[in-house]
Undergrad: 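Questions regarding the structure given below will be posed in turn.
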Number of protein chains: 2
Amino acid sequence: MAATYKDIRRMTGLSLATISKYFNGGNVTYANRVLIEHAARDLGYRVNDFARGLRSRRSMTLGVVLAELNSTFNTTIVSAMEERLREAGYGTIICDSRGSSQAEAESIRFLIGKMVAGIVIVPVGDDVEGLDAAAERGVPVVAIDRTIANGAVDAVVIDNRTAIASACELLAGAGHTKVALLAGPDSTFTMRERRLGFREAVKRHTGKLPARALTQPDTVSIEGGYDGFRRLMQLDAPPTAIVCANYEFTLGATIALNELGPDASAPAIVGFDNLDLARIIRPRPTFVVQPVAQIATRAAEMILQRVHGEATEGPRTVVLDTELVVGDASTYVLARSRS
Amino acid sequence: MAATYKDIRRMTGLSLATISKYFNGGNVTYANRVLIEHAARDLGYRVNDFARGLRSRRSMTLGVVLAELNSTFNTTIVSAMEERLREAGYGTIICDSRGSSQAEAESIRFLIGKMVAGIVIVPVGDDVEGLDAAAERGVPVVAIDRTIANGAVDAVVIDNRTAIASACELLAGAGHTKVALLAGPDSTFTMRERRLGFREAVKRHTGKLPARALTQPDTVSIEGGYDGFRRLMQLDAPPTAIVCANYEFTLGATIALNELGPDASAPAIVGFDNLDLARIIRPRPTFVVQPVAQIATRAAEMILQRVHGEATEGPRTVVLDTELVVGDASTYVLARSRS
DNA sequence: AGCCTGAGGCAAAACGTTTCGCCCTCAAGG
DNA sequence: CCTTGAGGGCGAAACGTTTTGCCTCAGGCT
């Protein structure tokens with residue numbers, strides 16, 4: 001059915017070895033080069049990945065494993081990364097763990113079976129099963145967003161503590177003394193770090209910013225953010241400002257805030273992650289913005305380096321800075337009437 | 001490095017053919033079966049997909065090509081589908097077209113190179129390049145959400161016209177005479193159909209529902225919905241109700257609506273697609289809900305049938321019904337004071 | 001007893017590449 | 001004029017499966 005080297009050999013009179021050399025960028029005389037190009041075009045030739053993979057034990061393919069496909073952060077990451085990897089000549093296989101460590105392990109096995117040259121992973125939890133299998137076969141791994149506890153691999157993360165702390169500073173400076181954090185369970189690295197950043201900021205401003213952390217973490221979802229917001233506002237002394245620890249919480253809290261309407265007791269909200277959302281809401285809210293594209297690019301470059309054997313030292317962790325995009329003053333300055 | 005049949009042969013004394021038979025579900029005596037199982041476990045054997053694919057010209061893998069990874073609808077589809085396909089023993093390779101027909105064609109080529117057994121696609125536009133290549137190699141294709149103009153393939157779509165029309169009926173019954181549709185450009189099948197459904201409903205209620213269609217379609221994005229909403233409200237005679245033609249528009253319009261606050265002239269909004277959102281907003285809005293999981297399952301079953309050769313007739317189109325989840329009356333009944 | 005049948009097993013030939021070792025040729029240096 | 005070395009090419013041997021055709025053996029049938 002499909003054309004093979006043999007067909008090209010028949011048309012050009014060259015040997016399989018020479019043809020292979022051509023398709024792998026080796027040295028071939030100009031005349032032969034042209035000959036092969038013509039034959040390949042005429043035959044509609046496409047190299048057979050299976051044969052190539054079988055023989056050479058490598059595929060020009062990288063794997064991406066996402067904790068949750070259904071999340072803006074992850075899909076943005078994967079879009080940016082796929083683009084960068086394509087430039088480098090690699091195809092990308094995307095897998096969805098659906099929040100399950102088991103599915104995650106299965107995905108890694110699947111990818112190893114497909115002989116991917118490397119794996120980029122946004123892990124579900126602190127531990128990732130199947131990393132040893134990857135290490136065994138020499139498949140490099142780069143983690144994104146979270147570090148991995150049970151395996152030493154490269155990682156690209158953001159400075160979560162400073163991110164949240166900077167939001168707190170802004171609020172403290174704007175007169176707030178009762179700030180709350182809307183965050184998810186401590187079971188994930190990011191939430192732990194963000195909560196830590198919050199605590200540190202609180203400590204630094206002791207007396208001035210006696211903030212209350214949300215004691216019962218919510219599920220990480222829009223609904224969780226919505227419920228969390230309402231629970232906070234029902235406290236005896238509700239916070240005057242709320243820092244959201246991720247995108248879903250931001251959306252949920254914003255919806256709940258809007259329901260309050262123009263209420264003098266409505267808290268200030270600092271959102272997280274998604275600048276698109278910030279662009280839309282008026283007055284402009286303040287947002288902690290992750291350098292998503294940069295995260296993806298750095299991760300892509302790290303995995304490529306490992307794959308190409310350009311980096312052989314121990315695991316590296318890249319920490320990227322977030323940006324605090326300050327919105328309209330009215331959205332975060334504590335009104336005198338409220339204090 | 002990795003174990004092969006030869007290693008198993010060494011341990012069991014059986015021939016490669018018998019071992020192959022075992023791994024492909026053929027008849028092997030109980031004693032030999034046990035022998036092989038033990039050897040495989042001890043060796044940590046995993047079948048080599050490349051060798052298998054090379055020899056058998058098929059892979060237990062299906063491809064999914066998404067117009068846009070960054071969309072709730074698509075990611076939900078892919079999650080549900082992957083689960084179903086995994087049950088059937090297939091792995092899934094996900095590709096993102098990023099809204100580009102060119103990237104889409106490239107993805108199809110990539111998948112064909114990976115010898116996928118079939119492709120499920122959420123097309124970017126009406127035409128899909130590369131379908132002929134798939135047809136040539138006998139790779140079946142199933143389209144989701146949209147039909148494909150330049151190729152006869154199976155499709156799973158929803159009844160877009162009735163979906164929008166039913167929303168209009170509800171509004172007409174609730175007293176509205178000025179209803180608008182917030183829809184995207186006619187370049188995509190879904191938007192054309194939804195607009196058509198809107199027009200039909202308007203015609204059916206002539207005199208009673210002289211609705212105005214948004215004449216300048218917006219880009220399909222949250223921002224588009226936000227801007228569209230505001231433009232509609234700035235008309236001399238703004239609509240009293242707005243039907244949103246997809247999720248992004250719904251979100252954008254909702255944000256714009258919230259900005260208005262509890263204004264008597266605020267229009268009723270019927271949302272589209274995402275029940276999670278509807279669950280969160282209070283008072284509960286009315287939503288046109290797509291049976292997303294069902295769409296995914298049907299598509300999975302159709303592609304599996306084709307792959308297994310159980311369906312050989314011409315292309316089939318499955319049309320699924322949407323559901324109109326009616327929200328709190330206050331969100332859609334035309335207040336007397338407004339009429 | 002002879003025959004037929006079907007199950008289970010085997011050896012060997014693919015599948016389409018890459019790669020190893022070898023050869024030829026041509027040019028430059030001695 | 002001989003030597004050397006490198007560039008370019010070649011044949012053949014992998015890579016790890018599946019598949020084909022053939023063989024054997026046991027058991028049921030006439």
Side-chain angles (χ1 to χ4, degrees), chain A residues 1-37 39-40 43-61 89 91 109-110 112-117 137-138, chain B residues 1-37 39-40 43-61 89 91 109-110 112-117 137-138:
Chain A
M1 190 79 209
T4 75
Y5 279 4
K6 288 184 187 163
D7 299 311
I8 297 185
R9 169 171 67 180
R10 198 172 308 130
M11 291 190 66
T12 61
L14 296 169
S15 77
L16 299 183
T18 305
I19 300 170
S20 170
K21 227 187 229 172
Y22 168 80
F23 280 106
N24 292 287
N27 278 329
V28 179
T29 38
Y30 178 73
N32 289 339
R33 189 179 297 272
V34 171
L35 227 46
I36 296 175
E37 269 163 14
L43 291 164
Y45 175 80
R46 265 191 70 74
V47 41
N48 181 321
D49 281 346
F50 284 160
R52 171 175 284 182
L54 172 60
R55 180 57 232 237
S56 67
R57 313 190 145 291
R58 55 189 149 74
S59 76
M60 288 297 281
T61 307
R109 268 197 295 277
F110 175 72
I112 290 177
K114 289 263 171 289
M115 299 243 186
V116 292
R137 322 229 168 183
Chain B
M1 189 78 207
T4 75
Y5 280 4
K6 287 185 187 160
D7 299 312
I8 298 185
R9 168 171 68 182
R10 198 172 309 129
M11 290 190 68
T12 61
L14 296 169
S15 77
L16 300 182
T18 305
I19 299 168
S20 170
K21 228 187 228 169
Y22 167 81
F23 280 107
N24 291 287
N27 277 328
V28 179
T29 36
Y30 177 75
N32 289 339
R33 186 178 299 271
V34 172
L35 227 45
I36 295 175
E37 269 162 13
L43 292 165
Y45 174 79
R46 266 192 67 75
V47 39
N48 181 319
D49 281 347
F50 284 162
R52 170 175 284 182
L54 173 60
R55 180 57 231 233
S56 67
R57 319 192 140 288
R58 56 191 148 71
S59 76
M60 289 298 280
T61 307
R109 269 197 293 278
F110 175 72
I112 291 177
K114 288 263 172 290
M115 299 243 186
V116 293
R137 322 229 168 184

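Lettering follows sequence order; numbering is per chain, from 1.
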Undergrad: Taking CZ from A:Arg46 and P from C:dC15, how many angstroms apart are they, rounded to a whole number?
TA: 20 Å
Undergrad: Using a heavy-atom cut-off of under 4.0 Å over every strand shown, decide if B:Thr29 touches base, sugar-phosphate, or nothing.
TA: sugar-phosphate
Undergrad: For B:Tyr22, what residues pass the side chain to side chain donor-acceptor pair (under 3.5 Å) criterion, not counting sequence neighbours?
TA: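 For B:Tyr22, the residues satisfying side chain to side chain donor-acceptor pair (under 3.5 Å) (neighbours in sequence not counted) are B:Glu37.
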Undergrad: Expressed as a whole number of angstroms, how long is the span from A:Ile36:CD1 to D:dG9:C1'?
TA: 11 Å
Undergrad: Within this structure, what is the CZ-to-P distance between A:Arg57 and D:dC15, rounded to whole angstrom?
TA: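 Answer to the nearest Å: 8 Å.
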Undergrad: What is the nucleic acid contact for B:Tyr22, judged by heavy atoms within less than 4.0 Å: base, sugar-phosphate only, or nothing?
TA: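 Counting heavy atoms under 4.0 Å across all strands, no contact is made by B:Tyr22.
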Undergrad: Under 4.5 Å between any side-chain heavy atoms of B:Asn48 and B:Thr4, yes or no?
TA: no
Undergrad: Got a sec, which residues hit ring-ring contact (aromatic ring centres under 6.0 Å, His included) with B:Tyr45, two or more places apart in sequence or on another chain?
TA: B:Tyr5, B:Phe23
Undergrad: To the nearest angstrom, how far is A:Arg9 atom CZ from C:dG16 atom C1'?
TA: 11 Å
Undergrad: How many Å lie between CG on B:Asn48 and C1' on C:dG16, as a whole number?
TA: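 Whole-Å distance recorded here is 14 Å.
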Undergrad: Can you sort out the partners of B:Arg10 under salt bridge (Lys or Arg N to Asp or Glu O under 4.0 Å), two or more places apart, ordered by chain and number?
TA: B:Asp7
Undergrad: Which heavy-atom pair separates B:Ile19 from B:Ile36 by the least distance, and what is that distance?
TA: CA-CD1, 4.0 Å
Undergrad: Counting side-chain heavy atoms from C-beta on, which of D:dC15, C:dT17, D:dT17 comes nearest to A:Leu54?
TA: D:dC15
Undergrad: Using whole Å, report how far CG of B:Leu35 lies from C1' of C:dG8.
TA: 15 Å
Undergrad: Separation of A:Leu14 atom CG from D:dG9 atom C1', in whole Å?
TA: 9 Å
Undergrad: Only counting residues at least two apart or in another chain, list the ones meeting side chain to side chain donor-acceptor pair (under 3.5 Å) with A:Arg33.
TA: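 A:Arg33: no side chain to side chain donor-acceptor pair (under 3.5 Å) contacts found.
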Undergrad: Taking only residues two or more places apart in sequence or in another chain, which ones pass salt bridge (Lys or Arg N to Asp or Glu O under 4.0 Å) with A:Lys21?
TA: none
Undergrad: Taking the nucleotide of DNA chain C with the nearest heavy atom to each, does A:Tyr45 or B:Asn27 sit closer to the 5' end?
TA: B:Asn27
Undergrad: Could you state the CZ-P distance from B:Arg33 to C:dA7, rounded to the nearest angstrom?
TA: 14 Å
Undergrad: Listing time: all N or O pairs from protein to nucleotides 18-20 of chain D that are below 3.5 Å?
TA:
from, atom 1, to, atom 2, distance (Å)
D:dT18, OP1, B:Asn24, OD1, 3.3
D:dT18, OP1, B:Asn24, ND2, 3.1
D:dT18, OP1, B:Arg52, NE, 2.7
D:dT18, OP1, B:Arg52, NH2, 3.1
D:dT18, OP2, B:Tyr5, OH, 2.5
D:dT18, OP2, B:Ser20, OG, 2.7
D:dT18, OP2, B:Asn24, ND2, 3.2
D:dT18, O2, B:Arg55, NH1, 2.8
D:dT19, OP1, B:Arg58, NH2, 3.2
D:dT19, O4', B:Arg55, NH2, 3.4

Undergrad: Under 4.0 Å from OP1 or OP2 of C:dC10: is there any side-chain N or O of B:Ser15 that close?
TA: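 So the side chain of B:Ser15 is within the cut-off, an N or O lying under 4.0 Å from OP1 or OP2 of C:dC10.
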